[in-house]
Amino acid sequence: RRSVELKHGRIAMLATMGYITPEVAGKFPGYLDPSAGLKFDDVPNGLAALSKVPGGGWAQILLYMSWCEVSRGAGSDIANGRPGDFGWYVLTSSDPEEK
């Protein structure tokens, strides 16, 4: 259960960054859908983008979301009984007694 909360929290953080980043850093050059002549710059931020993204784009988004939901990622964090612990300790210690 905790692993699901961590996974959904990470997805929510990525979604937030996906909303903020194009406004701050700009958008990709080129075309989102060359056959329709749709450029990345033509797609607005937020809910206004729902009507602009082509159906094939939504299919890719839904497939990726499904894969994220059913895959366990590396799986090592769940297998060892410590969800969210991938063994990368920059700000904390690997020793449980020091935590």
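Side chains included, hydrogens not; waters and symmetry mates left out as well; all remaining heavy atoms used. Keep in mind it's a predicted model, so treat the numbers as computed, not measured.
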Next on the checklist: Restricting to side-chain contact (heavy atoms from CB on, under 4.5 Å), what partner residues turn up for Leu50, sequence neighbours left out?
Outcome noted: Leu47, Trp58
Item to check | Reported CZ-to-CG distance for the pair Phe40 and Asp33, which is rounded to 0.5 angstrom | outcome: 10.0 Å
Checklist entry - Are Ile61 and Trp67 connected, step by step, through hydrophobic side chains (Ile, Leu, Val, Met, Phe, Trp, Tyr) whose heavy atoms are closer than 4.5 Å? => result no
Checklist entry - Side chains of Asp42 and Lys39: closer than 4.5 Å at any heavy-atom pair? => result yes
Item to check | Closest heavy-atom pair and its distance - Pro44, Ala49 | outcome: O-CB, 3.2 Å
Per-pair distances, 0.1 Å, donor-acceptor, side chain in residues 11-29, under 3.5 Å, sequence neighbours excluded:
| from | atom 1 | to | atom 2 | distance (Å) |
| --- | --- | --- | --- | --- |
| Thr16 | OG1 | Ala12 | O | 3.0 |
| Thr21 | OG1 | Met17 | O | 2.7 |
| Glu23 | OE2 | Asn45 | ND2 | 3.0 |
| Lys27 | NZ | Val43 | O | 2.3 |

